[in-house]
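Computation of the quantities below employed the complete heavy-atom set of this structure, encompassing side-chain atoms and omitting hydrogens, waters and symmetry-equivalent molecules. Protein chains get the first letters and strands the later ones, always in sequence-line order, with residue 1 at the start of each. Note that the coordinates shown come from a computational prediction; the quantities given were computed from them, not determined experimentally.
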Protein chains: 2
Amino acid sequence: MPGRPRTTRRATHSLDQIVDTAIAMLDRDGTSGLTLRGLAAELGGGLGSIYWYVAGKAELLDLACDTLIGRALTADDAPMPPMEVELDTDDAVVLEAAATVRRISLALFAQMDEHPWLAAQSRLGGADRPNALRVWEQVGRALAAMGLSPRQQFHGSTAITGYVVGVAAEMSAQDDAVDPTLSQEEQLDRIVERWQGEAYDDLPWIRSMADQFRRHDDLAQFAAGLDLLVLGLVRQAVSPGRPRRPARG
Amino acid sequence: MPGRPRTTRRATHSLDQIVDTAIAMLDRDGTSGLTLRGLAAELGGGLGSIYWYVAGKAELLDLACDTLIGRALTADDAPMPPMEVELDTDDAVVLEAAATVRRISLALFAQMDEHPWLAAQSRLGGADRPNALRVWEQVGRALAAMGLSPRQQFHGSTAITGYVVGVAAEMSAQDDAVDPTLSQEEQLDRIVERWQGEAYDDLPWIRSMADQFRRHDDLAQFAAGLDLLVLGLVRQAVSPGRPRRPARG
DNA sequence: ACCTGAACACCGTTCAAGT
DNA sequence: ACCTGAACACCGTTCAAGT
């Protein structure tokens with residue numbers, strides 16, 4: 001790994017500028033559309049100079065991902081749809097922890113919704129992604145505050161992070177699959193049309209979902225499954241017959 | 001899309017052979033290690049002949065993925081860890097549907113565990129993946145049999161499929177991140193060691209998970225989160241105040 | 001300390017030519 | 001109908017040479 005610039009004396013680039021431009025290119029052209037040559041051209045510099053700032057394309061992608069995950073960590077404007085399931089407890093600490101898990105997950109989803117290439121790149125585990133680790137930390141702390149056992153904390157944190165990345169990736173891939181020149185409306189029509197073909201004759205359930213699919217909302221869909229997980233975690237936390245959570249602090 | 005071979009008269013290749021060899025290469029070398037030149041060499045033929053069977057690398061990957069998903073659909077040897085949560089209902093139809101969702105999910109996970117490149121490629125939605133669509137269909141039918149509303153079926157099916165792909169992808173990525181020449185034991189040690197470094201000084205929760213992580217089991221971890229989702233779906237199905245599910249048949 | 005661009009070793013894809 | 005391999009248009013990465 002090359003050194004990061006300590007002084008900006010003669011630099012015409014900066015790491016931040018490179019990463020920001022890379023993110024803009026990724027948003028426009030997708031992961032395979034990000035090219036080091038293209039990036040150099042966009043930056044108005046030579047191809048090789050990028051290598052003074054990052055070790056290669058993989059590290060550049062790591063940085064781009066972690067930058068956006070970092071924005072999710074500090075975002076306070078992520079949409080927060082109301083919970084549709086009853087958590088069925090009045091334990092304020094548990095409820096607050098559940099709200100924290102929801103808030104982080106929804107903020108992550110908002111970034112992955114805005115940047116359709118992100119979910120597929122998001123190894124939230126794995127080192128050299130400091131902000132991803134911070135996501136894990138915050139989810140884990142919330143589950144600990146709920147009073148879950150260490151084992152439940154461990155399993156619960158991977159369930160939440162896996163769910164977020166997986167559902168976002170599926171949704172992003174679905175959007176990629178259709179002609180992007182069409183309107184949102186027409187894309188949905190095109191897919192539902194395909195479901196009427198004879199290839200789907202033995203997939204009646206998918207066909208029956210045409211109505212749901214036509215008026216579906218990615219955010220509501222994401223939140224619905226998330227809340228199933230949150231509900232399950234809260235049930236574990238308040239289930240009788242288990243030792244109470246330790247006092248905080 | 002080129003035609004598929006109707007006769008095998010003079011063919012030295014077949015589509016099945018190409019896909020199977022590609023899967024073997026993917027297992028050995030990963031997604032970026034699968035090369036059309038390498039594949040041609042392994043098949044003992046020319047580079048161009050592959051293009052008579054598949055339109056390109058993307059279609060080859062689609063076929064490889066869908067082949068393995070198809071194996072998950074017919075597998076009856078996938079490990080089935082017992083449920084650790086109480087479903088708290090004796091409705092036989094609901095319990096059977098829950099078992100079906102669990103069985104499909106665990107069979108998919110088994111494939112993704114065995115083929116670490118699979119999860120990252122798995123757009124389960126999206127057409128031109130017939131077996132993936134069949135997974136969706138089967139999960140959806142089970143949720144319908146539970147008596148969930150169409151909206152709950154729709155949200156539930158994306159939650160399950162998203163969870164499976166997401167958790168499997170995270171676990172596969174984690175395994176990639178460490179030196180594969182080391183033993184399983186040593187890889188875990190290496191990661192936990194890193195957690196003791198000062199970079200993790202403000203990530204105390206992650207550090208506290210060292211014990212859990214050292215003796216973790218991917219399958220148990222996957223099943224634990226899956227069961228949270230299944231529990232949530234069953235709660236929705238049996239919650240009072242909703243119209244009963246229609247009789248079957 | 002930071003930048004440049006030619007050079008290298010690869011890719012996936014195409015296609016005229018074969019059998 | 002099926003196969004071949006040279007040719008093309010790209011990649012990411014390296015590195016000697018610049019300022």
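- With sequence neighbours left out, A:S183 forms a side chain to side chain contact (heavy atoms under 4.5 Å, CB included) with A:E185, A:E186.
- With sequence neighbours left out, A:A132 forms a side chain to side chain contact (heavy atoms under 4.5 Å, CB included) with A:D66, A:I69, A:L124, A:R129.
- Nucleotides C:dC10 and D:dA9 are separated by 13 Å at their C1' atoms, to the nearest Å.
- For A:Q138, the side chain to side chain contact (heavy atoms under 4.5 Å, CB included) test picks out A:L73, A:I104, with sequence neighbours left out.
- For B:F109, the ring pair (Phe, Tyr, Trp, His ring centres under 6.0 Å) partners two or more places apart in sequence, or in a different chain, are B:F222.
- We find that CD1 of A:I50 is positioned 16 Å from C1' of D:dC15, with the value rounded to whole Å.
- Applying the 4.0 Å criterion to OP1 and OP2 of C:dC2, one finds that A:Y53 has every side-chain N and O outside that range.
- For C:dT4, the OP1/OP2 oxygens have a side-chain nitrogen or oxygen of A:S49 closer than 4.0 Å.
- Residues meeting the side-chain hydrogen bond (donor to acceptor under 3.5 Å, both in side chains) test with B:R103, sequence neighbours left out: B:T100.
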Quick tally for nucleotides 8-14 of chain D: nucleotides whose base has a protein heavy atom under 4.0 Å get B, sugar-phosphate-only ones S, the rest -, giving ---BBBB

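- Of the residues in residues 22-31 of chain B, none lies under 4.0 Å from DNA chain D by heavy-atom distance.
- Evaluation of the salt bridge (charged side-chain N to carboxylate O under 4.0 Å, His left out) test over residues 157-172 of chain A, restricted to residues two or more places apart or in two chains, returns none.
- By the side-chain hydrogen bond (donor to acceptor under 3.5 Å, both in side chains) test, B:D77 is found to be paired with no residue, residues two or more places apart in sequence or in another chain being considered.
- Atom name C1', nucleotides C:dA16 and D:dC3: the rounded distance is 13 Å, in whole Å.
- Under the rule for a side chain to side chain contact (heavy atoms under 4.5 Å, CB included), the partners of B:T158 that lie at least two apart in sequence or sit in another chain are A:Q221, B:W136.
- Put simply, the side chain of A:L226 reaches to within 4.5 Å of the side chain of A:I160, judged on heavy atoms.
- A salt bridge does not link B:R134 with A:D202: every distance from a Lys NZ or Arg NE/NH1/NH2 to an Asp or Glu carboxylate oxygen is 4.0 Å or more.
- Nearest nucleotide to the A:H13 side chain, out of D:dC2, C:dT4, C:dA1: C:dT4.
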Read 5' to 3' with Watson-Crick or G-U pairs under 3.5 Å, [ ] for crossing pairs and | for partners on another strand, DNA chain D gives ||.|||||...|||||.||

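- Here, C:dC8 and D:dC11 have their C1' atoms 12 Å apart, quoted to the whole Å.
- Applying the side-chain hydrogen bond (donor to acceptor under 3.5 Å, both in side chains) rule to A:W195 yields no partners; only residues at least two apart in sequence or on another chain are considered.
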